Student: 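One structure, as structure tokens, below. Some questions next.
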Amino acid sequence: MGPERIARYKDRSLLNEITVEEKEDSSNGYRYQMNSNERLYLLSECLSHQLLPESEQSAKIRENSSGLDYEDFAGTYAFVMNRQGPSEREITDAQIYEICNRELEELKRLGILPEDVKEVDTLSYSAVLYSAIDVLEPQNNMPVWRVSLSTKQQNTNKANRLIDLYLDAQTGKVYSFYARTEKSWEELEPENIIKQWESYLGLTGKEEYLSDNPLLETTSNYKKYRFPGMDEGTTIVTIGFYEGIHELFIKVTS
């Protein structure tokens, strides 16, 4: 009778009482976290499967592209404007310029970006949030800020200015940029740039890449490298320089 009486007392104490118990949300499931190589690869695939003007110089070869919708994409990768805005875990509209300038300073400190490149500001630049998505494996996705020199102001002085930049909206790291500088290609050190950039992003598996079709490049001043991505895929990283307009760039392609 002892155990039964104790049980009745316990039932009576719990009756009409509300208790709260934490429970793991099984609907969230396991979320795969992409590493740096995979994030770079996803962005490179998304950018390679759509039509975006990488810079003023490279846009010159697209004279008949004025009627194209630059948000379109092809294949199994999408790079689309995020109209919902950043989540609580992502860089917000109010933070993007400050964080962009912080990363520019870090790139200068590492010798990736020349010291003469100026900071960005809200008056001269536009910032748009995109989502890079693997359509067949949608759990592989990442938010990306694109910060670009505004085209609204005519006759803008582009000397020593950042022209275009892609920045991870979660980590704040810069994946690609185009920037004007007073330096020449001979003064730059692409081997050191890629070494520091690899460390900055936390990439692994770098190897020099010899392009099988150098005619595809719009400049003769460049060095190419390859990094492993997802599955058997690789990312091609190009460090280049447009001599006429003194524009240094790092671009990523699949």
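Counting begins at 1 with the first residue of the sequence. The basis for the numbers below is simple: all heavy atoms, side chains too, and nothing from hydrogens, waters or symmetry mates. Just so it is clear, the model here is predicted, and its values are computed rather than measured.
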Student: So how far is it from E90 CD to I96 CD1, rounded to the nearest 0.5 Å?
Tutor: 11.5 Å

Student: What's the separation between atom OG in S184 and atom CG in L248, rounded to the nearest 0.5 Å?
Tutor: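 Rounded to the nearest 0.5 Å, the OG-CG separation comes to 11.5 Å.
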
Student: Might you point out which heavy atoms bring V144 and L43 nearest each other, and give the distance in Å?
Tutor: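 Of all heavy-atom pairs spanning V144 and L43, the closest is CG2-CD1, 4.1 Å.
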
Student: To the nearest 0.5 Å, what is the distance between CD1 (I163) and OG (S148)?
Tutor: 9.5 Å

Student: Between K251 and Y178, is NZ or CZ placed under 6.0 angstrom from the six-membered ring centre and within 45° of the ring axis?
Tutor: no

Student: Can N221 and E243 be said to form a side chain to side chain donor-acceptor pair (under 3.5 Å), step by step?
Tutor: CA-CA 8 Å; N221 303 317; E243 194 74 43; 3.0 Å; yes

Student: Exactly one of K223, K224, R226 should register a salt bridge (charged side-chain N to carboxylate O under 4.0 Å, His left out) with E208. Which one does?
Tutor: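 The passing option is K223.
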
Student: Once salt bridge (charged side-chain N to carboxylate O under 4.0 Å, His left out) is applied, do any residues pair with E198, and if so which ones, sequence neighbours excluded?
Tutor: K206

Student: Enter the distance from N82:CG to L129:CG here, rounded to the nearest 0.5 Å.
Tutor: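 Result: 4.5 Å between the selected atoms.
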
Student: Hey, are T218 and Y242 close enough side-chain-wise for a donor-acceptor pair under 3.5 Å?
Tutor: yes

Student: Any side-chain heavy-atom pair from R180 and K158 closer than 4.5 angstrom?
Tutor: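 Yes, close enough: below the 4.5 Å cut-off.
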
Student: Do M230 and E137 have side chains that approach each other closer than 4.5 Å (heavy atoms only, starting at C-beta)?
Tutor: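 No, their side chains stay 4.5 Å or more apart.
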
Student: Measure the CG-CG distance between L203 and N35 for me, rounded to the nearest 0.5 Å.
Tutor: 9.0 Å

Student: Tell me the closest heavy-atom pair linking S36 and G202, and the distance in Å.
Tutor: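 Of all heavy-atom pairs spanning S36 and G202, the closest is CB-O, 3.6 Å.
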
Student: Stepwise, does the side-chain contact (heavy atoms from CB on, under 4.5 Å) test hold for I91 with W145?
Tutor: CA-CA 9 Å; I91 296 170; W145 278 103; 3.8 Å; yes

Student: How about CD on Q84, more than 12 heavy atoms from neighbouring residues, nucleotides or ligands closer than 6.0 Å, or not?
Tutor: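 No - once you tally the heavy atoms of other residues, nucleotides and ligands closer than 6.0 Å, there are 12 at most.
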
Student: Would you tell me whether S199 and Q196 have side-chain atoms, one donor and one acceptor, within less than 3.5 Å of each other?
Tutor: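 Short answer, no.
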
Student: Tell me if the centroids of the rings in Y130 and F79 come within less than 6.0 Å of each other.
Tutor: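 So the answer is yes for these two rings.
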
Student: Kindly say whether K183 contributes a backbone atom to a donor-acceptor pair with the side chain of H246 at under 3.5 angstrom?
Tutor: yes

Student: For a 4.5 angstrom cut-off between non-hydrogen side-chain atoms, does L47 reach V252?
Tutor: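 Yes, at least one pair of side-chain atoms sits under 4.5 Å.
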
Student: Could you work out, with side chain to side chain contact (heavy atoms under 4.5 Å, CB included) as the rule, every residue matching K195, not counting sequence neighbours?
Tutor: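 K195: no side chain to side chain contact (heavy atoms under 4.5 Å, CB included) contacts found.
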
Student: Between S150 and T156, which heavy-atom pair has the shortest distance, and what is it?
Tutor: O-OG1, 4.5 Å

Student: List the residues meeting side-chain hydrogen bond (donor to acceptor under 3.5 Å, both in side chains) with N101, not counting sequence neighbours, and say none if there are none.
Tutor: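 Partners of N101 by the side-chain hydrogen bond (donor to acceptor under 3.5 Å, both in side chains) criterion come out as none, since no residue qualifies.
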
Student: Test of understanding: with salt bridge (charged side-chain N to carboxylate O under 4.0 Å, His left out), list the residues that count as partners of K108, not counting sequence neighbours.
Tutor: E105

Student: Would you say Y166 and V147 make side-chain contact, with heavy atoms under 4.5 Å?
Tutor: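 The answer is no, as the side chains (C-beta and beyond) never meet within the 4.5 Å cut-off.
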
Student: Looking at G233, is its backbone amide N or carbonyl O close enough to the side chain of D231 to form a donor-acceptor pair, meaning the two atoms are under 3.5 Å apart?
Tutor: no

Student: Verify, without hydrogens or angle tests, whether Q95 (side chain) and T92 (backbone) share a donor-acceptor contact under 3.5 angstrom.
Tutor: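 Between the backbone of T92 and the side chain of Q95 there is a qualifying donor-acceptor contact (under 3.5 Å).
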
Student: Would you tell me whether E182 and N160 have side-chain atoms, one donor and one acceptor, within less than 3.5 Å of each other?
Tutor: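 Looking only at side-chain atoms, N160 and E182 do form a donor-acceptor pair, the distance falling under 3.5 Å.
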
Student: Restricting to non-hydrogen atoms, name the atom on Y175 and the atom on W197 that form the minimum distance, rounded to 0.1 Å.
Tutor: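 Smallest heavy-atom distance, with atoms named: O-CZ2, 3.0 Å.
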
Student: A side-chain contact here means heavy atoms from C-beta on lying under 4.5 Å apart; do L162 and L149 qualify?
Tutor: no

Student: Check for a donor-acceptor pair, side chain of Y200 on one end and backbone N or O of K173 on the other, with a separation under 3.5 Å.
Tutor: no

Student: Hey, are E191 and Y225 close enough side-chain-wise for a donor-acceptor pair under 3.5 Å?
Tutor: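 No, E191 and Y225 have no side-chain donor paired with an acceptor closer than 3.5 Å.
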
Student: List the residues meeting side-chain hydrogen bond (donor to acceptor under 3.5 Å, both in side chains) with D93, not counting sequence neighbours, and say none if there are none.
Tutor: none

Student: Can you name the residues that form a salt bridge (charged side-chain N to carboxylate O under 4.0 Å, His left out) with R102, not counting sequence neighbours?
Tutor: none

Student: Please check if any side-chain donor atom of E45 sits under 3.5 Å from a side-chain acceptor atom of S48, or the reverse.
Tutor: no

Student: Does the side-chain contact (heavy atoms from CB on, under 4.5 Å) test come out yes or no for F241 and T219, once each step is laid out?
Tutor: CA-CA 7 Å; F241 188 81; T219 177; 5.5 Å; no

Student: What's the shortest heavy-atom distance between G111 and I193, and which atoms?
Tutor: O-CG1, 3.7 Å

Student: What's the shortest heavy-atom distance between V237 and I194, and which atoms?
Tutor: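 That closest heavy-atom pairing would be CG1-CD1, 4.0 Å.
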
Student: Is L104 close to V120 at the side-chain level, that is, under 4.5 Å between some pair of heavy atoms?
Tutor: yes

Student: Rounded to the nearest 0.5 Å, what's the gap from OH on Y41 to OG on S254? Could you check?
Tutor: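 Result: 6.5 Å between the selected atoms.
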
Student: Can you list the steps and then say if T238 with F249 is a side-chain contact (heavy atoms from CB on, under 4.5 Å)?
Tutor: CA-CA 8 Å; T238 305; F249 64 86; 4.0 Å; yes

Student: Is it true that R39 and D168 have a side-chain N and a carboxylate O under 4.0 angstrom from each other?
Tutor: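 A salt bridge links R39 with D168.
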
Student: Does the side chain of Y209 come within less than 4.5 Å of T234's, by heavy atoms?
Tutor: no

Student: Is there side-chain contact between I250 and I112, with heavy atoms separated by less than 4.5 Å?
Tutor: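 Side chain of I250 against side chain of I112, heavy atoms only: contact under 4.5 Å found.
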
Student: Quick one, I239 with L188, criterion side-chain contact (heavy atoms from CB on, under 4.5 Å). Give me CA distance, side-chain angles, the key distance, then yes/no.
Tutor: CA-CA 10 Å; I239 299 175; L188 299 168; over 6 Å; no

Student: Donor-acceptor check, side chain of E103 to backbone of C100, threshold 3.5 angstrom: yes or no?
Tutor: no

